[in-house]
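Single-structure report; data block below.
Hydrogens, waters and symmetry mates play no part in the numbers below; they use all other heavy atoms, side chains included. Chain identifiers are assigned alphabetically (A, B, ...) following the order of the sequence lines, protein sequences preceding nucleic acid strands; residue numbering begins at 1 within each chain.
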Amino acid sequence: MESNFFEKVFELTKQIPVGKVTSYGAIAKAIGSPKSARMVGWALNKSTIHNVPAHRVVNRNGLLTGKNHFANMNTMQELLENEGIIIQKNKIINFKECFWQPKFKT
DNA sequence: TACGTGACCCAGA
DNA sequence: ATCTGGGCCACGT
């Protein structure tokens, strides 16, 4: 049995549309474990460089907490800005506007 | 086998 | 408004 959690986080993250972002808690909640938001970040950390736009996943405050784990600290912000997202001081300005809620979709 | 760690979130003071 | 503490599940050593 494969790690459901890992796969779920993977799927949801890959389903994030361009120019949109989401939070770890949202993904965790979508999976069914709102309390386990920490594992979402852990899962992404395992898959940072795979084909998963982990850079579109930020914390509840819209802060790029995980940028430290990317290849380069600027990578995450650069990618998000490239998507059209406004970031300042490692924080998304129009976070609410760019927020996207993950859903289960086969 | 057991303990520690982690890209977080919520509730209380 | 800010600060502190607790909880959660899975993985690594």
Side-chain angles (χ1 to χ4, degrees):
Chain A
M1 144 182 194
E2 303 83 10
S3 304
N4 289 348
F5 212 101
F6 191 88
E7 293 186 0
K8 286 178 181 176
V9 175
F10 239 160
E11 294 293 311
L12 290 172
T13 307
K14 289 193 290 188
Q15 288 167 22
I16 301 173
V18 180
K20 293 286 182 175
V21 295
T22 189
S23 59
Y24 305 98
I27 297 173
K29 187 174 293 184
I31 292 171
S33 300
K35 308 280 210 321
S36 308
R38 305 181 77 177
M39 303 176 4
V40 178
W42 154 79
L44 290 173
N45 185 14
K46 300 291 291 187
S47 65
T48 305
I49 51 170
H50 234 259
N51 285 334
V52 184
H55 59 271
R56 293 180 192 156
V57 185
V58 297
N59 68 340
R60 199 53 179 134
N61 295 315
L63 187 67
L64 285 59
T65 50
K67 68 176 178 152
N68 301 341
H69 288 261
F70 276 77
N72 292 325
M73 210 164 79
N74 308 13
T75 307
M76 191 171 188
Q77 182 170 340
E78 290 288 301
L79 290 169
L80 290 172
E81 289 182 330
N82 188 22
E83 300 278 323
I85 299 171
I86 310 303
I87 302 176
Q88 192 168 85
K89 295 302 179 184
N90 301 329
K91 181 180 175 288
I92 300 174
I93 304 302
N94 52 348
F95 176 62
K96 57 193 289 288
E97 297 177 3
C98 299
F99 185 79
W100 175 84
Q101 178 157 10
K103 303 191 202 71
F104 295 112
K105 189 169 61 175
T106 47

Taking [atom1] from [X] and [atom2] from [N], how many angstroms apart are they, rounded to a whole number?
{"X": "A:Glu7", "N": "C:dC9", "atom1": "CD", "atom2": "P", "value": "19 Å"}
{"X": "A:Lys35", "N": "C:dG7", "atom1": "NZ", "atom2": "P", "value": "12 Å"}
{"X": "A:Leu44", "N": "C:dA10", "atom1": "CG", "atom2": "P", "value": "16 Å"}
{"X": "A:Met39", "N": "C:dG12", "atom1": "CE", "atom2": "P", "value": "13 Å"}
{"X": "A:His69", "N": "B:dA7", "atom1": "NE2", "atom2": "C1'", "value": "5 Å"}
{"X": "A:Phe5", "N": "C:dC8", "atom1": "CZ", "atom2": "P", "value": "14 Å"}
{"X": "A:Tyr24", "N": "B:dC10", "atom1": "OH", "atom2": "C1'", "value": "18 Å"}
{"X": "A:Lys67", "N": "B:dC8", "atom1": "NZ", "atom2": "P", "value": "13 Å"}

Has A:Arg60 got its NZ or CZ under 6.0 Å from the middle of the six-membered ring of A:Phe99, at an angle within 45 degrees of the ring axis?
yes
Would you indicate what A:Ala54 reaches in the nucleic acid, counting non-hydrogen atoms under 4.0 angstrom: base, sugar-phosphate, or nothing?
base
Base, sugar-phosphate alone, or nothing: which one does A:Ser33 contact when heavy atoms must sit under 4.0 Å apart?
nothing
Please say whether more than 12 non-hydrogen atoms of neighbouring residues, nucleotides or ligands are located less than 6.0 Å from NZ in A:Lys29.
no
Determine whether more than 12 heavy atoms belonging to other residues, nucleotides or ligands lie under 6.0 Å from atom NZ of A:Lys35.
no
What is the minimum heavy-atom distance between A:Val58 and A:Phe95, and which atoms define it?
CG2-CE1, 3.4 Å
Side chain of A:Arg38, heavy atoms from C-beta onward: which of B:dA7, C:dC9, B:dC8 has the nearest atom to it?
B:dC8
Report yes or no: do A:Ile92 and A:Leu63 belong to one cluster of Ile/Leu/Val/Met/Phe/Trp/Tyr joined by side chain heavy-atom distances under 4.5 Å?
no
Would you say A:Lys46 places a side-chain N or O within less than 4.0 Å of OP1 or OP2 belonging to C:dG12?
yes
Is A:Thr65 near enough to B:dC8 that one of its side-chain N or O atoms lies under 4.0 angstrom from OP1 or OP2?
yes
If the C1' atom of C:dC3 is compared with that of B:dA7, how far apart are they to the nearest Å?
22 Å
